[in-house]
Amino acid sequence: MADLTTTIGSLTLKNPIMPASGTFSEELSEVFDLDCLGAHVTKTITRGKRAGNPIPRVCEVDGAMLNSIGIPSKGADWFLKNTVPFYAAYNAPLVVSISANTADEFARFAEEVSVPGVAAIEVNISCPNIEDDGKAFAMRPGPTGEVIRRMRSATNLPLWAKLSPNTGDVVEVAQAAEAAGADALVTANTMLAIAIDARTGRVKLGNIMGGFSGPSLKPITLRMAYQCARAVAIPVIGCGGIATIDDVLEYLIAGARAVQVGTATFISPTTMPRLVRELDHALEARGLASVDALVGTVKHADEAISLAEYA
Amino acid sequence: MADLTTTIGSLTLKNPIMPASGTFSEELSEVFDLDCLGAHVTKTITRGKRAGNPIPRVCEVDGAMLNSIGIPSKGADWFLKNTVPFYAAYNAPLVVSISANTADEFARFAEEVSVPGVAAIEVNISCPNIEDDGKAFAMRPGPTGEVIRRMRSATNLPLWAKLSPNTGDVVEVAQAAEAAGADALVTANTMLAIAIDARTGRVKLGNIMGGFSGPSLKPITLRMAYQCARAVAIPVIGCGGIATIDDVLEYLIAGARAVQVGTATFISPTTMPRLVRELDHALEARGLASVDALVGTVKHADEAISLAEYA
Amino acid sequence: MKSHQWVNGEYRLLELSAPASVLDCQPGQFFHLLCPTSKLSQPFFRRPMSIYSFDKAAGELCFLYKVAGIGTAALAELVPGNFLNIVGPLGRGFELCPEWQRPLLVARGVGLATLAPLARQCAERGLSLTAICSARSRELLMSADLFRSYGAKVITVTDAEGNSGAGNLAALIENLVRERGIDAFFTCGSARLMRMLQQIGARYGIGGQVALEQQMACGIGMCQACVRPFRRESGAVNLRVCREGPVFNLQEVL
Amino acid sequence: MKSHQWVNGEYRLLELSAPASVLDCQPGQFFHLLCPTSKLSQPFFRRPMSIYSFDKAAGELCFLYKVAGIGTAALAELVPGNFLNIVGPLGRGFELCPEWQRPLLVARGVGLATLAPLARQCAERGLSLTAICSARSRELLMSADLFRSYGAKVITVTDAEGNSGAGNLAALIENLVRERGIDAFFTCGSARLMRMLQQIGARYGIGGQVALEQQMACGIGMCQACVRPFRRESGAVNLRVCREGPVFNLQEVL
Ligand SMILES: Cc1cc2nc3c(=O)[nH]c(=O)nc-3n(C[C@H](O)[C@H](O)[C@H](O)COP(=O)(O)OP(=O)(O)OC[C@H]3O[C@@H](n4cnc5c(N)ncnc54)[C@H](O)[C@@H]3O)c2cc1C
Ligand SMILES: Cc1cc2nc3c(=O)[nH]c(=O)nc-3n(C[C@H](O)[C@H](O)[C@H](O)COP(=O)(O)OP(=O)(O)OC[C@H]3O[C@@H](n4cnc5c(N)ncnc54)[C@H](O)[C@@H]3O)c2cc1C
Ligand SMILES: Cc1cc2nc3c(=O)[nH]c(=O)nc-3n(C[C@H](O)[C@H](O)[C@H](O)COP(=O)(O)O)c2cc1C
Ligand SMILES: Cc1cc2nc3c(=O)[nH]c(=O)nc-3n(C[C@H](O)[C@H](O)[C@H](O)COP(=O)(O)O)c2cc1C
Ligand code: FES
Ligand code: FES
């Protein structure tokens with residue numbers, strides 16, 4: 001049995017496998033014992049109630065899916081009265097994903113959810129910033145830094161900034177989050193995409209565009225995990241397209257200290273417990289004593305025959 | 001026989017199917033008659049000779065590929081002496097894709113390739129701008145506008161700006177290109193990605209990161225085509241993940257007036273002539289007399305039951 | 001997979017050997033099926049399918065389905081001996097309230113599959129059952145004989161015969177309510193029939209249930225993809241078809 | 001596909017019926033094969049395979065391959081009667097210069113497949129052929145008998161017997177050069193053997209050719225994925241293995 005623990009700032013997780021926000025809920029406890037996971041991450045909640053987007057909210061594309069669920073939310077009260085007590089029955093730390101419309105609202109909401117039973121806050125900054133023309137916070141280093149800074153002074157809980165693959169400034173955004181006091185980065189959220197039914201000419205989502213997730217997203221988000229792990233000192237949590245043990249290993253090798261599994265749980269609800277078991281076997285098969293021994297060990301391609309230089 | 005012609009600014013193409021830069025070359029003339037295509041688009045060339053990136057230069061991922069070919073180039077002279085004469089034998093217009101390190105170099109190079117036999121210039125602005133810290137021109141509206149403006153005053157040939165999916169500012173970049181005088185947009189180039197071999201821990205490309213292309217990219221680039229077609233008045237040429245006739249129809253429905261086929265030609269060299277035939281059948285099956293009748297006809301999802309509103 | 005047969009030109013019956021652990025099913029519940037992949041088609045999501053019949057003692061589970069697109073087309077390629085990966089039973093099935101003695105089942109298309117195990121349960125409870133089976137043509141009226149074998153009075157209507165229209169059916173149903181004392185409606189497979197039953201139910205004070213469909217991703221309640229709006233005391237609420245449904249109170253559907 | 005057999009524990013022989021239009025092949029050329037897809041594996045690229053044998057009159061085309069990863073594993077699942085989508089023949093094959101009368105073929109592993117049609121061509125031209133076949137074990141020496149049937153003098157060496165090492169082989173080859181008057185080298189399957197032949201060739205002024213491999217995407221010269229550096233008068237140049245190769249002048253390989 002390899003040592004599967006991993007540390008994300010002040011938190012020690014029994015293993016690096018956890019769910020991605022929005023692809024996990026209390027209902028999964030009927031499928032397997034949720035305590036086999038490294039952490040529990042809630043669907044993003046907002047302070048007030050929200051209905052979410054029109055249907056259809058999901059559609060499938062080649063090897064992946066799009067969603068425009070939106071953030072239906074039962075609000076802060078419901079979370080504190082129902083969700084927190086539910087997860088109190090488990091040892092795995094509870095991470096609450098939150099969203100808000102302004103940096104200030106983020107800070108006040110962070111304070112409100114800083115209660116016993118909540119171990120960390122994941123900051124879903126992929127939502128529109130109403131103070132920046134509706135551009136998501138995660139698109140730019142400035143607004144990202146601002147949100148984290150304000151939240152940092154409002155709570156003592158670890159803050160995990162969840163980055164977006166839609167920005168062209170991944171590294172700058174990551175560094176801004178770190179500088180502002182984030183304790184970890186999650187790379188990444190879904191990528192903006194569209195699907196059209198060629199037969200009917202209709203867009204397939206009620207909200208027109210939606211977020212791309214699943215195996216096909218991996219090369220993009222794995223690249224972000226790689227870029228961020230090299231650019232910041234805080235831990236990176238990989239997320240995007242993870243379905244197999246090789247996917248997990250690739251993120252760890254790229255430098256992630258833990259991973260989140262999203263869409264794969266929809267296709268096979270027992271994906272996460274399987275990955276925990278397989279991770280143990282994979283480390284043993286490589287003669288590695290711990291997850292730590294694998295993190296960030298990426299090597300460059302060795303075939304690299306130097307090519308003829310024209311210029 | 002439906003009317004397959006489409007107009008891209010001042011150019012009329014006999015059909016909307018053309019190759020994507022870097023996935024097409026003279027050699028394909030041995031496989032089918034290149035005159036069945038709407039246009040011919042060259043691999044990006046640079047003014048001077050360049051060797052390109054170290055190998056391995058390609059690898060496969062789930063339903064797609066990564067490449068870090070770089071831009072090996074035999075230079076402007078070779079292009080003028082060999083490539084232009086080769087394509088002179090065909091009626092389909094020749095589009096030359098060019099790249100350079102600064103806006104000024106782009107302009108001078110544009111002038112140099114503005115020779116009889118070249119019908120349009122595709123501006124590959126996904127290359128690093130050495131005047132902007134190596135960020136690609138296509139990442140920001142400013143540098144994009146600057147390149148196109150400078151080129152616009154250096155040549156009378158139509159300019160097609162090829163956008164990048166790596167930017168978070170697609171619409172702003174598209175509008176900047178239009179404002180600066182671009183005649184069309186190509187959406188889009190490859191997306192920055194990485195692949196790691198879980199077994200060996202090695203990155204799979206000699207250049208570490210590379211561009212993601214193939215069917216899995218489609219939801220992202222189709223979204224860009226949709227966004228751009230709504231944001232600009234100049235024609236949009238869709239590109240990314242096209243392999244089937246449905247893919248072509250989706251881009252046209254989203255608002256593209258033509259499409260480029262890249263990676264699919266690697267898997268099946270006769271993809272483009274097949275798509276030309278199938279497009280004709282598909283239009284007829286829908287009772288449409290022309291490509292024009294399909295362009296931009298996207299409809300919203302009709303199921304959209306209005307959901308309960310909490311907030 | 002034990003057998004896989006065409007029931008008619010459009011529907012196929014898929015019979016599985018299944019472990020007893022998944023066979024504590026309620027009529028109206030569904031399973032989430034992982035469809036096979038080929039070069040030409042890679043259905044990504046699972047596909048929800050109502051239970052057509054289940055038999056715990058015999059370790060048997062059946063689905064009746066129509067090839068609607070790539071997922072069901074891929075299913076149709078399976079041959080006996082193949083394995084099928086299924087998750088379930090899922091969702092909330094039909095609930096027969098003790099006061100309902102003379103239920104009316106109104107099914108159309110695939111709805112005939114969904115209501116089949118309910119008809120059987122009605123029969124087992126000795127209820128006096130009436131069923132209206134609607135389809136495009138007689139050939140597609142799959143479960144009528146099955147319903148009859150459960151002692152149901154079966155009325156078939158088809159588009160081909162021109163007797164499946166709203167006017168005809170509404171009159172027929174109101175007649176049944178008056179003559180047979182129908183006291184509960186169960187329906188599946190047609191929004192139009194559902195609306196009609198809501199109206200007749202409201203008029204005559206007759207309760208009932210409807211099995212709904214909705215595009216799903218997870219099938220177990222996590223993703224919020226499959227919501228629809230329902231009328232509750234508190235006002236309109238979104239409920240998950242995979243979790244709070246697929247069977248809902250007929251009058252609550254908006 | 002006509003037949004598909006294990007040749008030994010590692011290699012499989014795949015025999016296709018192919019249209020005459022693709023059977024004007026040169027030894028050393030290759031085809032680009034589209035491997036089948038399954039739920040577990042979706043090889044995206046085609047896979048290049050040297051022609052093991054071709055017979056235009058009989059409409060027959062064979063490949064000899066080793067299961068190396070997901071693509072070849074998918075190939076291995078094909079059964080006679082299945083169709084295989086192939087593109088080819090591609091690339092530049094071996095060229096037998098008229099002045100070469102006593103060629104030496106040095107093959108290792110899959111290189112034995114690539115050199116097989118060349119051996120046949122040598123035989124057809126009545127050349128005095130010598131072949132060194134190298135492999136990990138005797139069981140993996142696939143084409144030795146085939147080479148013998150072409151009248152070649154065949155020398156086999158294996159890692160298991162300990163006679164495939166550099167020292168032993170260099171001495172052996174220099175001996176052959178002196179005793180049999182070898183005047184051309186052809187090799188495939190081992191970078192180590194290629195380097196050795198380059199050196200011996202340079203020393204004795206013997207020309208030759210090598211068939212190289214490289215990761216490919218398009219296989220027909222469009223993508224520039226498969227380049228390797230070569231020595232030319234003008235200096236080092238990158239050439240495409242799929243187009244200017246896979247067969248190259250032995251001395252030009254860098
Ligand atoms: C709870 C439930 C029970 C069902 N029971 C049965 C059954 O017993 N027999 C049967 O034949 N069908 C049943 N269906 C419908 C069945 O799930 C769809 O026909 C199937 O998912 C279509 O998949 P496809 O890949 O063949 O079609 P696709 O190519 O995916 O789509 C074909 C059409 O079906 C629609 N569709 C796709 N998925 C769903 C879905 N989950 N719900 C509703 N529409 C969908 C698409 O929007 C499209 O219009 C049920 C659906 C639900 C939600
Ligand atoms: C011109 C040419 C002729 C060939 N002829 C034969 C032959 O006759 N018989 C035979 O068994 N093999 C031959 N090969 C090698 C064969 O193409 C590879 O073994 C095959 O592509 C591996 O595919 P895979 O999916 O099984 O392995 P993968 O899972 O793709 O990879 C397994 C290993 O093979 C390497 N590889 C993958 N593709 C190639 C490639 N195109 N060239 C070189 N290495 C690659 C990978 O980097 C990896 O290390 C030839 C290769 C070339 C370029
Ligand atoms: C249906 C669905 C709902 C999601 N909801 C949220 C959410 O509320 N908050 C969030 O930060 N990410 C959300 N995500 C994104 C996932 O957490 C994850 O970042 C993304 O799906 C990529 O991982 P995957 O490819 O493993 O799914 C959602 C994803 C899906 C598919
Ligand atoms: C091997 C390869 C080389 C490419 N070279 C270029 C290039 O030189 N210039 C360019 O603008 N785009 C280049 N591209 C990008 C394609 O033109 C196209 O934008 C992208 O591949 C998306 O389309 P696809 O999914 O159909 O391949 C290249 C793509 C590939 C796969
Ligand atoms: S399908 Fe996911 S909540 Fe119903
Ligand atoms: S594989 Fe594309 S050029 Fe050789």
Side-chain angles (χ1 to χ4, degrees), chain A residues 19-32 41-44 49-74 195 197 199 204-206 210-216 243 261-272, chain C residues 21-22 24 29 31-48 68-72 74 84-92 212-230 232 234-245 254:
Chain A
S21 176
T23 65
F24 176 74
S25 70
E26 291 88 315
E27 283 82 2
L28 202 57
S29 65
E30 295 162 18
V31 180
F32 62 86
V41 183
T42 69
K43 166 85 182 164
T44 299
K49 288 188 184 177
R50 282 167 57 98
N53 287 329
I55 57 164
R57 288 179 165 186
V58 293
C59 70
E60 62 179 19
V61 293
D62 264 3
M65 67 174 284
L66 306 190
N67 90 79
S68 62
I69 304 287
I71 309 200
S73 172
K74 294 187 175 155
D197 186 322
R199 204 172 45 79
K204 292 192 177 174
L205 293 177
F212 184 55
S213 67
S216 299
V261 178
T263 304
T265 297
F266 296 169
I267 310 305
S268 173
T270 52
T271 301
M272 287 187 285
Chain C
S21 58
V22 304
D24 283 321
Q29 285 189 305
F31 278 81
H32 222 183
L33 277 52
L34 194 63
C35 306
T37 295
S38 74
K39 192 114 209 162
L40 292 173
S41 103
Q42 292 94 30
F44 183 71
F45 290 141
R46 288 175 178 264
R47 298 295 195 262
I70 62 161
T72 42
L84 182 66
N85 181 325
I86 63 176
V87 170
L90 297 170
R92 252 188 47 192
L212 295 176
E213 292 192 3
Q214 181 62 286
Q215 176 67 44
M216 294 183 180
C218 73
I220 63 180
M222 301 185 292
C223 74
Q224 310 278 344
C226 64
V227 297
R228 295 179 65 128
F230 295 87
R232 285 278 164 99
S234 53
V237 294
N238 288 328
L239 299 177
R240 296 164 295 187
V241 170
C242 75
R243 184 83 189 176
E244 283 86 34
L254 281 172

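Source: prediction; values computed, not measured. The chains referred to below are lettered A, B, ... by the order of the sequence lines, with proteins before strands, and numbering in each begins at 1.
Going from atom OG1 of A/T265 over to atom CE of C/M222 covers 5.5 Å, rounded to the nearest 0.5 Å. Separation of atoms CD (C/Q215) and CG (A/L205) is listed at 9.5 Å; rounding is to 0.5 Å.
Between A/C59 and C/F45, the shortest heavy-atom contact is C-CE1, 3.6 Å. The heavy-atom pair separating A/S25 from C/G221 by the smallest distance is OG-O, 3.8 Å. Nearest heavy-atom pair, C/N238 versus A/A51, reported as atom, atom and distance to 0.1 Å: ND2-O, 3.5 Å.
Only the side chain of A/E30 comes within contact range of chain C, with heavy atoms under 4.5 Å apart. Neither the backbone nor the side chain of C/L33 has a heavy atom closer than 4.5 Å to any heavy atom of chain A. Looking at A/V61, only its backbone comes within 4.5 Å of chain C, counting heavy atoms on both sides.
Side-chain contact between C/V227 and A/R57 is present, with heavy atoms from C-beta onward closer than 4.5 Å. At a threshold of 4.5 Å between non-hydrogen side-chain atoms, the residues A/P269 and C/I220 count as touching. Using a 4.5 Å cut-off on side-chain heavy atoms (C-beta onward), A/E27 and C/R240 make contact. Taking the side chain as every heavy atom from C-beta outward, C/I70 and A/E60 approach each other to under 4.5 Å.
Although no hydrogens or angles enter the test, the distance criterion places no donor-acceptor pair under 3.5 Å between the side chain of C/Q42 and the main chain of A/G63.
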Where do C/F44 and A/I267 land on the side-chain contact (heavy atoms from CB on, under 4.5 Å) test, with the steps shown first?
-> CA-CA 8 Å; C/F44 183 71; A/I267 310 305; 4.0 Å; yes

